[in-house]
Amino acid sequence: MIRVRMPQKKKELEIPGPKRVLDILAAAGVRPTTVLVTQGKRLLTKDQRVEDGETVDIISVVSGG
């Protein structure tokens with residue numbers, strides 16, 4: 001299982017892996033254009049593969065002006 005943390009929503013999921021980041025976002029119900037996905041201090045691209053037993057964080061992008 002892949003552990004998916006969404007700290008801003010105070011939510012955590014486990015989904016079966018391995019999966020691409022884009023597929024993880026779809027399973028979590030998150031639009032890819034609104035978030036960044038990290039693994040530790042590493043930024044993941046939408047096509048990177050995440051293996052079973054790994055943890056990723058989905059961080060909402062906030063902009064202002």
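Side chains included, hydrogens not; waters and symmetry mates left out as well; all remaining heavy atoms used.
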Just verifying a value: how many Å separate S60 OG and M6 CE, rounded to the nearest 0.5 Å? 9.0 Å
Result of checking V30, T34, T33 against L25 for side chain to side chain contact (heavy atoms under 4.5 Å, CB included): V30
May I ask you to decide if I2's main-chain N or O and E14's side chain share a donor-acceptor pair within less than 3.5 Å? no
Could you tell me if the side chain of I15 sits less than 4.5 Å from the side chain of V4, heavy atoms only? yes
Check ion pair R5-D57 (N to O, under 4.0 angstrom): yes
Scanning both residues in full, the closest heavy-atom pair of T55 with Q39 reads O-CG, 3.4 Å
How close do E54 and E51 get, counting heavy atoms only, and between which atoms? OE1-N, 2.9 Å
Rounded to the nearest 0.5 Å, what separation is found between the CD1 atom of I59 and the CG atom of L43? 10.5 Å
Check whether more than 12 heavy atoms from other residues, nucleotides or ligands sit under 6.0 Å from atom NZ of K46, and answer yes or no. yes
Name all residues meeting the side-chain hydrogen bond (donor to acceptor under 3.5 Å, both in side chains) criterion together with R31; count only those two or more places apart in sequence or in a different chain, and write none if there are none. none
In Å, rounded to the nearest 0.5 Å, how long is the span from CE of M1 to CG of L13? 9.5 Å
Look at E12 together with R3 and state whether they make a salt bridge at an N to O cut-off of under 4.0 Å. yes
Side chain to side chain contact (heavy atoms under 4.5 Å, CB included) partner of L44, chosen from L36, T38, V56, I24: V56
